[in-house]
Number of protein chains: 2
Amino acid sequence: MTVVPGSETLEPIDGRDEPRLRIGEVARETSLTARTLRYWEEIGLLRPFAHRGSGERLYSVAERERVTHIRELQDLLGLTLAEIQDVLASEDTLERARRAARADAPTPRRLRLLADALEANGRLVDRINERLARINEFRDECVERGDRMRARQLELQADQRRAARP
Amino acid sequence: MTVVPGSETLEPIDGRDEPRLRIGEVARETSLTARTLRYWEEIGLLRPFAHRGSGERLYSVAERERVTHIRELQDLLGLTLAEIQDVLASEDTLERARRAARADAPTPRRLRLLADALEANGRLVDRINERLARINEFRDECVERGDRMRARQLELQADQRRAARP
DNA sequence: GCTCGGTTTACCGTTGACGTAAACGGAAAC
DNA sequence: GTTTCCGTTTACGTCAACGGTAAACCGAGC
């Protein structure tokens with residue numbers, strides 16, 4: 001897809017003065033690599049805010065936040081990029097809701113978008129809670145094992161003292 | 001390593017009547033594949049209790065539990081198999097402590113093994129707590145976003161009512 | 001003895017999530 | 001203007017964690 005040099009394929013919808021970040025900046029700020037950001041774009045997970053005529057990607061702060069969000073879903077919840085894509089579809093709903101708000105869309109439509117986003121958010125929170133519960137359970141097991149080991153330790157220490165001076 | 005047919009390379013240390021599980025059984029009970037169990041053995045993560053002369057692997061309940069433990073470390077904490085190997089090295093210390101207990105080893109040695117196992121266990125619990133904290137933080141963010149969305153929803157609903165009957 | 005299901009070793013293939021190198025072209029700084 | 005970055009595309013490489021398959025082997029039941 002060649003573009004007339006100098007033009008932007010995606011002009012800012014609403015002409016606001018958000019800073020345009022180049023790929024290297026986003027990469028540094030998120031401790032990722034440019035390759036990763038391009039890969040995420042390749043699989044449809046992250047879309048830069050704009051492409052300059054030269055092909056250069058430009059991101060907005062919203063995308064940078066999305067990046068950190070993706071990382072959290074990856075590291076903390078262990079989701080695959082495909083699953084994350086699924087989860088983020090809801091986030092996109094929220095984004096559409098924001099656009100609708102700025103475009104003064106009819107209230108019923110905005111309410112529907114909000115409801116969708118809310119439901120998706122609820123599902124995500126449920127997922128997190130479930131995982132938290134499981135990890136807590138696992139933690140309790142580990143702590144309990146530690147307790148048993150400490151008890152045994154005390155027993156052995158008592159044995160030792162009794163053997164030392166009967 | 002060829003073995004005299006009919007003999008077991010690893011006779012039970014203490015002749016107890018634990019059931020010997022074949023690889024397929026362990027696989028079914030843990031919802032894994034035999035291939036995975038062999039792979040884990042290949043990288044030194046899981047060692048079957050015994051090899052029969054034919055080469056057939058035989059597992060004990062302890063190994064089956066180790067398998068589920070590994071899965072938890074993998075899924076819940078997102079550790080790599082290498083990291084898990086590291087964590088389990090400490091668990092093996094505990095196992096040596098048990099053997100030492102059964103073998104009536106000198107108390108000081110048993111105490112040292114116990115202390116080692118305790119320390120490793122503490123590190124694991126720390127790790128889990130850290131992860132729990134981070135996930136909790138992430139959860140709070142999500143919940144907060146949901147709250148903001150609900151607030152906006154109420155606003156919009158109020159707008160709607162006001163527009164309906166002014 | 002024969003079949004049949006489960007197991008073995010051995011080797012190659014795959015998938016996800018990137019890394020790396022080459023060849024090139026604007027962008028920024030001087 | 002001219003270096004020097006920084007960025008682009010395209011293509012191939014890598015690493016972990018397995019999956020698949022072939023060919024041989026074992027033990028149980030008929």
Side-chain angles (χ1 to χ4, degrees), chain A residues 1-10 19-59 63 67 70-75 77-88, chain B residues 1-10 20-59 63 67 70-75 77-86 88:
Chain A
M1 180 171 56
T2 45
V3 183
V4 181
S7 78
E8 324 257 293
T9 61
L10 280 174
R20 304 310 178 70
L21 308 165
R22 302 180 74 187
I23 197 168
E25 302 177 89
V26 179
R28 265 191 304 280
E29 293 174 9
T30 59
S31 342
L32 291 179
T33 66
R35 175 67 178 93
T36 298
L37 296 176
R38 285 193 210 100
Y39 173 67
W40 287 3
E41 178 180 354
E42 194 181 322
I43 64 172
L45 187 57
L46 178 75
R47 175 189 62 109
F49 185 75
H51 268 258
R52 272 212 283 231
S54 64
E56 187 181 344
R57 293 160 176 82
L58 291 176
Y59 300 85
E63 273 93 46
V67 166
I70 291 174
R71 271 269 110 152
E72 284 169 332
L73 291 170
Q74 220 184 4
D75 295 347
L77 300 189
L79 303 188
T80 68
L81 294 186
E83 292 170 317
I84 292 175
Q85 211 157 356
D86 209 49
V87 170
L88 288 193
Chain B
M1 180 173 54
T2 44
V3 184
V4 182
S7 79
E8 325 257 293
T9 62
L10 280 172
R20 305 310 176 74
L21 308 166
R22 305 180 70 186
I23 198 168
E25 302 177 89
V26 179
R28 266 190 304 279
E29 292 174 9
T30 58
S31 333
L32 291 181
T33 65
R35 179 68 182 86
T36 297
L37 295 177
R38 284 192 212 102
Y39 173 67
W40 287 2
E41 179 179 354
E42 194 181 324
I43 64 172
L45 187 58
L46 179 74
R47 175 188 60 109
F49 186 75
H51 270 256
R52 270 212 285 231
S54 64
E56 188 181 345
R57 292 160 177 81
L58 291 177
Y59 300 85
E63 274 93 46
V67 167
I70 292 175
R71 274 267 107 155
E72 282 170 332
L73 292 171
Q74 221 184 2
D75 295 348
L77 300 189
L79 304 187
T80 68
L81 294 186
E83 291 170 317
I84 292 174
Q85 210 157 356
D86 208 49
L88 289 192

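Reminder, nothing fancy here: chain letters follow the sequence lines and each chain counts from 1.
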**Complete:** A/Leu45 CG to C/dG16 P, in whole Å, measures 14 Å
Got a list of protein N/O to nucleotides 17-20 of chain C N/O distances below 3.5 Å?
residue, atom, partner, partner atom, Å
C/dA17, OP1, A/Leu81, N, 3.0
C/dC18, OP2, A/Trp40, NE1, 3.3
C/dC18, OP2, A/Gln74, NE2, 3.0
C/dG19, OP2, A/Thr33, OG1, 2.7
C/dG19, OP2, A/Thr36, OG1, 3.4
C/dG19, N7, A/Arg35, NE, 3.2
C/dG19, O6, A/Arg35, NH2, 3.2
C/dT20, O4, A/Arg35, NE, 3.2

**Message:** What is the distance, to the nearest angstrom, from the NE2 atom on A/His51 to the C1' atom on D/dC6?
**Reply:** 16 Å
**Item:** side-chain N/O B/Arg38 vs C/dT8 OP1/OP2, d < 4.0 Å
**Value:** yes
**Request:** Please examine the side chains of A/Leu37 and A/Glu63, heavy atoms only from C-beta on, and report whether any two atoms are closer than 4.5 Å.
**Result:** no
**Asked** When rounded to the nearest 0.5 angstrom, what is the spacing between OH in A/Tyr59 and CG in A/Leu46?
**Response** 5.5 Å
**Request:** Would you give the length of the straight line joining atom CD of B/Glu83 to atom CG of B/Leu77, rounded to the nearest 0.5 angstrom?
**Result:** 9.5 Å
**Item:** Gap between atoms CD and P, on B/Glu42 and C/dC12 respectively (whole Å)
**Value:** 14 Å
**Prompt:** Is B/Arg57 close to B/His51 at the side-chain level, that is, under 4.5 Å between some pair of heavy atoms?
**Reply:** yes
**Item:** Protein-nucleotide distance (B/Glu25, atom CD; C/dG6, atom P), rounded to Å
**Value:** 11 Å
**Prompt:** Do you know the tightest heavy-atom contact between A/Ile23 and A/Ala34?
**Reply:** CD1-O, 3.7 Å
**Prompt:** For A/Ile23 and C/dG26, what is the distance between atoms CD1 and P respectively, to the nearest whole Å?
**Reply:** 18 Å
**Distance in angstrom units between B/Glu41 CD and D/dC18 P, rounded** = 15 Å
**Prompt:** In whole Å, what is the span from the CD atom of A/Glu56 to the P atom of D/dC6?
**Reply:** 12 Å
**Request:** Kindly point out which of D/dC26, C/dT7, C/dA27 is positioned nearest to the side chain of B/Ser54?
**Result:** D/dC26
**Request:** In whole angstrom, give the distance that lies between atom CZ of A/Arg52 and atom C1' of D/dG7.
**Result:** 10 Å
**Message:** When you compare the side chain of A/Leu81 with that of A/Tyr39, does any pair of heavy atoms fall below 4.5 Å?
**Reply:** yes
**Asked** B/Arg57 side chain N/O closer than 4.0 Å to the phosphate oxygens (OP1, OP2) of C/dT8?
**Response** yes
**Request:** Start with the C-alpha distance between A/Leu73 and A/Leu88, add both sets of side-chain angles, then the distance that settles side-chain contact (heavy atoms from CB on, under 4.5 Å), and finish with yes or no.
**Result:** CA-CA 10 Å; A/Leu73 291 170; A/Leu88 288 193; 4.1 Å; yes
